[in-house]
Amino acid sequence: MPELPEVETIVRGLRRKMIGWKFSRSEILTAKCLRGSRNEFCESLSGRSVVEFSRRGKNIVFHLSGGAALVVHLRMTGQLHLVPPRAAPGEHTQAIFLFAGKREQLRFNDTRKFGRIWLEETGAAGEVPSLSRLGPEPLEISCREFARRVQAKRRRIKPLLLDQDFLAGVGNIYADESLHRARIHPRRNSAELSRAELLRLCRALKRILKAAIRAGGTSVRSYVDSAGLRGGYQNFLRVYQRAGEPCRNCGGALVRETVGGRSTFFCPRCQPESPKT
DNA sequence: CTGCATGTTAGGTT
DNA sequence: CAACCTAACATGCA
């Protein structure tokens, strides 16, 4: 659900409105959405201002005054919404944040309650310690470095792309879409991909992520941005959730199989398991 | 009713 | 150790 492009869209929406806002009171309706104690969290957050926003993988980072960061991971169904003061409280609202001198509230909604929010001290350059194990950002890494990293592993390529410690921000949708555009079977061994295939994959990934950001993300189920708007990239998907439908490249039937425990959509003709060399 | 879906982690096996 | 698998989490939906 929220993967890199969706999280980036949310971060941009928050950044446009909330720089300089000072946290006042917070209402934590579901304690389990927090890492750490509710009191400690609320006390430490109150009085801090938002200095800037960033995104790291699928994590939303509010950089705060006093060398701290508020980090939000939406997992599958989490949403951050900026709402007018009297908006009806949603059934799935887990936390409400109020700001000094502002009428709008920030709400964290999450039907499945897997999303997490936490506060931590940042390093001298604003680094967030708990996010240090994440792999590189796909839009920042060079294709040369990407290829080197992929070839250094001996894993099936799709689960490798989903591994956040290997590469940060790619989820099920964009992994499938990228592999299809690069014409690579999701079970291919990463160490056995050719230079040409690695280059195709890297370029496909970057191109698709950028296009999805431009479209405001993909809304297949519940995703909406901080203003409650749906994305548009679902209209450009070529394989995700299209099992049985014709491949837009070759006309053959797309299939769904499980790879690394995740449903995976691909074209058996365009993405052969054993490509001719 | 049954089973599936998503992201991540924990724990166990090969 | 690397790679891989499964269960767990909570809920809605087909």
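To find a chain, count down the sequence lines: A is the first, B the second, and so on, and within it residues start at 1.
Distance A/Lys158 NZ to C/dC4 P: 14 Å, rounded to the nearest Å. The nearest whole Å value for the distance from the CZ atom in A/Arg188 to the C1' atom in C/dA3 is 18 Å. B/dT9 atom C1' lies 14 Å from atom CG of A/Leu134, rounded to whole Å. Whole-Å rounding puts the A/Asp163 CG to B/dT8 P distance at 10 Å. Atom C1' of nucleotide C/dA2 and atom CD of A/Gln151 are separated by 18 Å, given to the nearest angstrom. Look at CG on A/Leu167: it is 12 Å from P on B/dT8, rounded to the nearest Å. Between A/Arg154 atom CZ and C/dC4 atom P there is a gap of 10 Å when expressed in whole angstrom units.
A sub-4.0 Å separation between OP1 or OP2 of C/dC9 and a side-chain N or O of A/Lys113 is absent. Taking only side-chain nitrogens and oxygens, A/Ser263 comes nearer than 4.0 Å to OP1 or OP2 of B/dT6. Note on A/His92: every side-chain N or O is 4.0 Å or more away from OP1 and OP2 of C/dA10. Within the 4.0 Å cut-off from OP1 or OP2 of B/dG7, not a single side-chain nitrogen or oxygen of A/Gln164 is found. Contact annotation: A/Arg75 does not reach the phosphate of C/dC9 (side-chain N/O to OP1 or OP2, under 4.0 Å). Phosphate contact (OP1/OP2 of C/dC5, side-chain N/O of A/Arg155, threshold under 4.0 Å): absent.
The nucleotide whose nearest atom lies closest to any side-chain atom of A/Thr111 is, among C/dG12, C/dC4, C/dA10, C/dG12. Among B/dT6, C/dC4, B/dT8, the nucleotide with an atom closest to any side-chain atom of A/Lys58 is B/dT8.
A donor-acceptor contact under 3.5 angstrom links the side-chain atoms of A/Arg112 to the base of B/dT6.
When each of A/Ala152 and A/Lys32 is assigned the nucleotide of DNA chain C with its nearest heavy atom, A/Ala152 is the one assigned upstream, toward the 5' end. Position along DNA chain C of the nearest nucleotide to A/Asp110 versus A/Arg156 favours A/Arg156 as the more 5'-ward residue. Take the nearest nucleotide of DNA chain B for A/Arg133 and for A/Arg256: the residue whose nucleotide is more 5' is A/Arg256.
At a threshold of 4.0 angstrom between heavy atoms, the contacts of A/Tyr174 with the nucleic acid are absent. The residue A/Arg262 sits close to a base: some heavy atom pair falls under 4.0 Å.
No donor-acceptor contact under 3.5 angstrom links the side chains of A/Tyr240 and A/Thr218, judged on distance only. Of the N and O atoms on the side chains of A/Glu120 and A/Ser130, at least one donor lies less than 3.5 Å from an acceptor on the other residue. Looking at A/Arg107 and A/Gln79, their side chains never bring a donor and an acceptor atom within 3.5 Å of each other.
Here A/Phe114 does not lie in a stacked arrangement on the base of B/dT8, lacking the combination of planes under 30° and ring centres under 5.5 Å apart.
The cationic atom of A/Arg230 (NZ for Lys, CZ for Arg) does not lie both less than 6.0 Å from the six-membered ring centre of A/Tyr223 and within 45° of the ring axis.
Shown are A/His185, A/Arg248, A/Arg242, A/Arg238; of these, the side chain to side chain contact (heavy atoms under 4.5 Å, CB included) with A/His180 is made only by A/Arg238.
Interatomic distance, A/Gln271 CD to A/Phe265 CZ, rounded to the nearest 0.5 Å: 12.5 Å.
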